[in-house]
Q: 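Could you have a look at this structure, given as structure tokens, before my questions?
Values below: every heavy atom of this structure, side chains too, minus hydrogens, waters and symmetry copies.
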Amino acid sequence: RFQKRWMMLVARVVLIVNAFAVCGLLWLDVLRPWHLGASALIEGIAFALIAPAMRSMVAELVDRDTLMNAVSTASVVEGAIAIAGGAIAGVLIDAVGPSSVYLATAALLVASSYTLFRLPAGLRSKARPRRITRDLYFGVRHMLSRPVLVALVGLSFARNLFGGPYRTFLPAYAQDHLRLD
């Protein structure tokens with residue numbers, strides 16, 4: 001429906017504004033838990049736009065012979081970032097404070113936006129655009145007709161629903177119950 005590069009750029013701008021907003025709330029010392037909830041919702045929506053576009057763009061950037069290696073490399077990097085990101089953020093928060101970490105996040109998002117802007121525009125579907133509700137209907141109908149897809153989507157949903165909050169609250173658990181700093 002849209003050029004992937006522009007969709008990823010718009011979503012990154014939303015993430016940059018979001019990071020600056022949290023940073024400003026921290027500097028003004030008015031940050032409340034609901035602000036973080038709203039920030040997480042905004043990030044979730046932005047990443048829901050970025051992730052599929054980014055994954056599908058890989059096929060446009062590399063040739064067919066190296067596509068499997070490119071997808072594998074991207075998955076390994078994503079996993080490594082997911083593992084190391086929280087630890088690095090914790091060390092940085094302790095060293096320079098949370099507002100500086102949000103400021104650094106915004107700076108990194110600006111840098112990634114610049115590199116993204118330098119990518120080729122990418123392909124856009126030549127097909128006549130259809131209504132998104134029709135595409136969603138047929139996608140859900142297709143998924144429901146195949147039990148394996150229902151199970152995979154259900155497992156992914158459960159992992160994110162139960163695993164995401166677990167990872168998020170693990171530092172608080174470590175501090176409060178395990179007496180770790």
Q: Apply side-chain contact (heavy atoms from CB on, under 4.5 Å) to Arg141 and Ser145, showing your working.
A: CA-CA 6 Å; Arg141 197 172 96 186; Ser145 70; 6.0 Å; no
Q: Treating Ser156 as the side-chain partner and Val153 as the backbone partner, does any N or O pair qualify as donor plus acceptor under 3.5 Å?
A: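 The answer is no, because no donor-acceptor pair under 3.5 Å joins these two groups.
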Q: Phe47, Val14: one ILVMFWY side-chain cluster at the under-4.5 Å cut-off?
A: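 No; Val14 is not reachable from Phe47 via cluster members.
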Q: Are Val17 and Leu108 grouped together when hydrophobic residues (ILVMFWY) are joined by side-chain heavy atoms under 4.5 angstrom apart?
A: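 Different clusters.
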Q: Locate the shortest heavy-atom distance separating Ala11 from Ala46; write the atom from each residue and the value.
A: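 Result for this residue pair: CB-O, 3.7 Å.
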Q: So does Val101 get a backbone contact from the side chain of Thr105, meaning a donor-acceptor N/O pair under 3.5 Å?
A: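 Flag set: sc Thr105 to bb Val101 pair under 3.5 Å.
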Q: Hey, what do you get for CG (Leu31) to OG (Ser39), rounding to the nearest 0.5 Å?
A: 8.5 Å
Q: Can Phe20 be reached from Trp27 by stepping across I, L, V, M, F, W or Y side chains whose heavy atoms are under 4.5 Å apart?
A: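 Trp27 clusters together with Phe20.
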Q: If you count the non-hydrogen atoms of other residues, nucleotides and ligands that lie under 6.0 Å from CG in Asp29, is the total more than 12?
A: no
Q: Rounded to the nearest 0.5 Å, what's the gap from CG on Asn18 to CD1 on Ile42? Could you check?
A: 4.5 Å
Q: What's the separation between atom NE2 in His142 and atom CG in Leu149, rounded to the nearest 0.5 Å?
A: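 Going from NE2 on His142 over to CG on Leu149, the span is 5.5 Å.
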Q: Using every non-hydrogen atom in the two residues, find where Leu9 and Ser113 come nearest and quote the distance to one decimal.
A: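 Looks like CD2-O, 3.4 Å.
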Q: Identify the two heavy atoms, one from Leu116 and one from Arg5, that lie closest to each other, and give their separation to 0.1 Å.
A: O-CD, 3.3 Å
Q: Return the CD1 to OG distance between Ile93 and Ser100, rounded to the nearest 0.5 Å.
A: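 One gets 10.5 Å once the value is rounded to the nearest 0.5 Å.
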Q: For a side-chain contact (heavy atoms from CB on, under 4.5 Å) check, start with the C-alpha distance between Leu15 and Ile50, then their side-chain angles and the critical distance, and finish with the verdict.
A: CA-CA 11 Å; Leu15 291 171; Ile50 289 173; 3.7 Å; yes
Q: Has Arg12 got a side-chain atom pairing as donor or acceptor with Val110's backbone, closer than 3.5 angstrom?
A: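 No, because the side chain of Arg12 does not come within donor-acceptor range (under 3.5 Å) of the backbone of Val110.
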Q: Evaluate Val22 against His35 for side-chain contact (heavy atoms from CB on, under 4.5 Å), listing each step before the verdict.
A: CA-CA 8 Å; Val22 173; His35 293 129; over 6 Å; no
Q: Going hydrophobic residue to hydrophobic residue with side-chain gaps under 4.5 angstrom, can you get from Leu61 over to Met54?
A: yes
Q: Between Ser72 and Asn69, do the side chains contain an N or O donor and an N or O acceptor separated by less than 3.5 Å?
A: no
Q: List the steps, then state whether side-chain contact (heavy atoms from CB on, under 4.5 Å) holds for Lys4 with Glu60.
A: CA-CA 11 Å; Lys4 296 172 193 87; Glu60 296 175 17; 2.5 Å; yes
Q: List the atom of Cys23, the atom of Tyr102, and the distance in Å for their closest heavy-atom pair.
A: CB-CB, 4.0 Å
Q: In the single-linkage hydrophobic clustering (I, L, V, M, F, W, Y; side-chain heavy atoms under 4.5 Å), do Leu36 and Leu28 co-cluster?
A: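 They do share one cluster, since a chain of ILVMFWY contacts under 4.5 Å joins Leu36 to Leu28.
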Q: For Met7 and Leu49, which heavy atoms make the closest approach, and how far apart are they?
A: CE-O, 3.8 Å
Q: For a quick test of reading the model, state the closest non-hydrogen atom pair linking Ala106 to Ala19 and the distance between them.
A: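 Reported closest heavy-atom pair: CB-CB, 4.0 Å.
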Q: Between Glu78 and Arg55, is there a side-chain N and carboxylate O pair less than 4.0 Å apart?
A: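 Answer for the salt bridge query: yes.
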